[in-house]
Amino acid sequence: MWRVALKRIAESAGRAAVAAWARGEATPEDEARATRYCLQLLRDAAPGKSVEVRVPPYGAAQVIEGPSHTRGTPPAVIEMAPNAWLRLATGAQNFADTKDRGELSASGERADLTAWLPLLPLP
């Protein structure tokens, strides 16, 4: 089985997109880049394949060590909108509160990102 390597987003481009989002000045391209960059940071911080974090329409990441899967739905799935993901990734809100407000769905073992958030804290 072969894999296609994900194209990495440069730190400067990723941080600039997140900053534009934080200022409320993000274009759709900035929002997409910021979302993908924060997913990239999560993959770096929590390598593995037991949890799939989905942020439609921009991307998904398989993360966290544990049982992996080869086809179909992974053992755990977390899904949310881009703004909810960016608020979590930057520390603007926490995982439990976001889940309690219904802004994300999480199912399966290990479907909690608290240990890895925030990824890019903003002042």
Side-chain angles (χ1 to χ4, degrees):
M1 179 193 216
W2 56 275
R3 291 180 184 216
V4 175
L6 293 171
K7 183 177 178 185
R8 290 196 57 89
I9 297 169
E11 182 178 359
S12 59
R15 286 181 173 269
V18 171
W21 171 83
R23 290 189 309 269
E25 299 171 359
T27 65
E29 292 81 16
D30 291 329
E31 183 179 72
R33 184 175 296 113
T35 299
R36 291 181 184 126
Y37 179 67
C38 289
L39 287 169
Q40 173 181 298
L41 294 176
L42 180 62
R43 279 192 298 273
D44 292 346
K49 295 194 178 289
S50 70
V51 178
E52 185 166 285
V53 178
R54 298 174 180 168
V55 187
Y58 299 131
Q62 290 185 0
V63 296
I64 304 173
E65 290 182 7
S68 62
H69 72 289
T70 55
R71 285 199 249 156
T73 303
V77 175
I78 301 169
E79 187 167 334
M80 70 202 88
N83 276 320
W85 169 239
L86 291 170
R87 287 191 303 270
L88 286 172
T90 59
Q93 63 190 52
N94 69 49
F95 191 87
D97 291 343
T98 303
K99 185 176 178 185
D100 289 347
R101 282 195 296 274
E103 293 182 40
L104 68 81
S105 63
S107 63
E109 280 188 45
R110 298 180 183 85
D112 186 335
L113 300 176
T114 302
W116 295 277
L117 297 173
L119 295 160
L120 187 63
L122 295 178

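One-based numbering along the sequence shown.
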Nearest heavy atoms of [X] and [Y], plus distance in Å:
{"X": "A111", "Y": "A76", "value": "CB-CB, 4.1 Å"}
{"X": "I78", "Y": "A106", "value": "CG1-CB, 4.1 Å"}
{"X": "A26", "Y": "E31", "value": "CB-N, 4.2 Å"}
{"X": "P82", "Y": "P56", "value": "CD-O, 3.4 Å"}
{"X": "A89", "Y": "L117", "value": "CA-CD2, 4.2 Å"}
{"X": "R33", "Y": "G14", "value": "CD-N, 4.5 Å"}

Minimum side-chain heavy-atom gap [X]-[Y] below 4.5 Å:
{"X": "L113", "Y": "W85", "result": "yes"}
{"X": "E109", "Y": "I64", "result": "no"}
{"X": "M80", "Y": "V53", "result": "yes"}

Rounded distance [0.5 Å steps], [atom1] in [X] versus [atom2] in [Y]:
{"X": "K7", "Y": "Q40", "atom1": "NZ", "atom2": "CD", "result": "11.0 Å"}
{"X": "Q62", "Y": "L39", "atom1": "CD", "atom2": "CG", "result": "12.0 Å"}
{"X": "L88", "Y": "E103", "atom1": "CG", "atom2": "CD", "result": "8.0 Å"}
{"X": "L42", "Y": "Y37", "atom1": "CG", "atom2": "OH", "result": "12.5 Å"}
{"X": "K99", "Y": "Q93", "atom1": "NZ", "atom2": "CD", "result": "14.5 Å"}
{"X": "T114", "Y": "N94", "atom1": "OG1", "atom2": "CG", "result": "7.0 Å"}

- Between D97 and R87, is the closest basic N to carboxylate O distance under 4.0 Å?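 Here R87 does not pair with D97 in a salt bridge, since their nearest N and O are not under 4.0 Å apart.
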- In the single-linkage hydrophobic clustering (I, L, V, M, F, W, Y; side-chain heavy atoms under 4.5 Å), do V63 and L120 co-cluster?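 Linked, V63 and L120 end up in one cluster.
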- Message: Please say yes or no: joined through hydrophobic side-chain contacts below 4.5 Å, possibly via intermediate residues, are L104 and W116 part of one cluster?
- Response: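 The answer is yes; both residues are in one hydrophobic cluster.
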- Item | Option from T90, D30, N83 for which side chain to side chain donor-acceptor pair (under 3.5 Å) with W21 holds |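 By the side chain to side chain donor-acceptor pair (under 3.5 Å) criterion, W21 pairs with just one of T90, D30, N83: N83.
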- Message: Tell me if a side-chain donor or acceptor on D44 pairs with a main-chain N or O of L41 at a distance below 3.5 Å.
- Response: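 Not confirmed, D44 side chain does not pair with L41 backbone.
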